[in-house]
Amino acid sequence: MKKVQIAGILKSGQVGAEITIKGWVRTRRGSKNVSFIALNDGSTINNLQVVAEVETFGEEFFKNINTGAAIGVTGTLVASAGSGQSVELKAEKIEIIGLSDPDKYPIQPKRHSLEFLREMAHLRPRTATFSAIFRIRHAMIFAIHSFFNERGFFNIHTPIITSSDAEGAGEMFRVSTLSAINPPLNEEGAVDYSQDFFGKAANLTVSGQLEGELFAMALSKIYTFGPTFRAENSNTSRHLAEFWMIEPEVAFFDLNDNMDLAEEFLKYLINYALEHCMDDLLFLSNRLAEEEKVKPADQRSMELIEKLRFVADNDFIRLTYTDAIEILRNSKPNKKGQFQYPVGGYGTDLQSEHERYLVEKEFKKPVILTNYPKEIKAFYMRLDDNGQTVSAMDVLFPQIGEIIGGSQREERLEVLEQRMDEMNIPREDMEWYLDTRRFGGCPHAGFGLGFERLMLFVTGMGNIRDVIPFARTPKNCEF
Ligand code: ATP
Ligand code: MN
């Protein structure tokens, strides 16, 4: 008999149908005459209830049907007597596929802490919470490709190993096959990378943007979606050493077009989750509500689904850096000295606490901050006419802070060269990049969305380690 998925059965299973399902036992409880097995195959947050007569299988048989065991069940769908589900499966045949020792299986049918489950990252997908998160993760990946495909963008795989360290500034992971103990040295006594695998120093990419720009200068609308690596030693709940980034890049686009695209993109993804992941979102929402109960009322955050709808339905605030600094300087927490980093004058880099103040307290909406001082932004961002600021944009979200960073790019060769010189970026390594400004250069813009930051927002989870299958963070590279 053909195996079917539990998701399909619960949605449209017909009473009387003969089916086979396979999955893992969540719980089993029983009386003298009948055993109830909650079976889950990961296709949905919901379990299918299997009803097995003790008389049919014998009492002994059920000793092996423990939490975590893999079993296959063939039987007939019957109308469910219990509440919640329309059908349950009356078992005729049960196959025990993989045993699970109930005393040793770490994932018990109770609430485990997220910290404990991080140590159990190989088994945590078996929990309701993590299976929900990773189904939503899949839906978001699919929605990202749909969004761009529907709008005529082309997906480009930019390299993972690169030799340009223009952006990294010491935050890159080196890729080398040289001996770590005894590397060849050059005349100056430094490691001689000319003898390395690529004949020069190479690193894992921190962004696909520069290569993405080359393709936007040919295919007009492109996006990358790939792994990104940063060796920044920031042990926060929002940073990973290995994460995934989506980077659209569009020719003939200015900063306003770029902001419109970013806002439309984020709203599309949130709406997609609301349309396609409601069961999982409801589960996560309840979970979150339980957690919030212990907090004082004024510190509780908005209910998850309400929050997603709110962001999807409202315009984002657009504000220049200069105006933001004014607001922050005059804000209550700044005057009362409650910020860890007091907001000084024009030119200070914004910390996450400042970003969150603007979003959560001042505007109570996502904010797009634009036109930052050139000193605190990258060399490739377009210099504004005032000569002081660049056409940068950061999208700031509640609870997350920066979720997107982007800009209109500097398309004027002389200005770009001057900016590179000012910021000590060796031009000779970047001739390929400068070529796009020499031959048919044009205004263009793009941004980077951190995929796991999006996942934090959509799932309401608080720690970025919980929205990626296997987190890589400082001092942590298990599994
Ligand atoms: P932050 O200030 O939060 O470290 P950033 O300014 O370094 O971010 P960008 O270089 O603009 O970020 O990268 C684009 C996007 O990639 C960010 O808006 C964020 O969503 C995401 N991102 C950046 N660094 C990380 C990281 N270490 N882990 C996960 N996501 C990240
Ligand atoms: Mn960073």
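Counting convention: from 1, in listed order, for ligands and their atoms alike. Residues take their numbers from the sequence shown, with the count starting at 1.
Using the six-membered ring where Trp is involved, F265 and F148 have ring planes that are tilted, between 30° and 60° apart. In this pair, Y321 and Y372 present their aromatic rings tilted. The plane angle is within the 30 to 60° band.
Looking only at distances, no side-chain donor or acceptor of N258 sits under 3.5 Å from a matching main-chain atom of D254. Here the side chain of H276 pairs a donor or acceptor atom with the backbone of Y272 at under 3.5 angstrom. Side-chain atoms of N40 come within 3.5 Å of backbone N or O of T44 as a donor-acceptor pair.
The closest non-hydrogen atom to atom 23 (C) of ligand 1, taken over R230, E247, R472, comes from R230. Comparing Q209, K377, E402, R453 against atom 6 (O) of ligand 1, the shortest heavy-atom distance belongs to E402.
Within the model, atoms CE of M245 and CZ of R230 stand 5.0 Å from one another, a figure rounded to the nearest 0.5 Å.
Taking a cut-off of under 4.0 Å to the non-hydrogen atoms of G450, the atoms of ligand 1 that pass are 15 (C), 16 (O), 20 (O), 21 (C). The G405 neighbourhood of ligand 1 comprises atoms 11 (O), 18 (O), with distances under 4.0 Å to a heavy atom of that residue. Close approach to I404 involves these atoms of ligand 1, each under 4.0 Å from a residue heavy atom: 18 (O). If you number the atoms of ligand 1 from 1 as listed, the ones under 4.0 Å from a heavy atom of R238 come out as 3 (O), 28 (N), 29 (C).
Of the N or O atoms in F243, none lie within a sub-3.5 Å distance of an N or O in ligand 1. The N/O atoms of L449, backbone and side chain alike, include none that comes under 3.5 Å of an N/O atom in ligand 1.
The shell of residues lying under 4.0 angstrom from ligand 1, judged by heavy atoms, includes I464.
Under 4.0 angstrom from ligand 1, the non-hydrogen atoms of E232 all belong to its side chain. No part of D394 comes within 4.0 Å of ligand 1, judged by heavy-atom distances.
Of the residues F225, F243, F457, the one that meets the ring-ring contact (aromatic ring centres under 6.0 Å, His included) test with F451 is F225.
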Which donor-acceptor pairs under 3.5 Å do side chains of residues 337-344 form with protein atoms, sequence neighbours excluded?
none

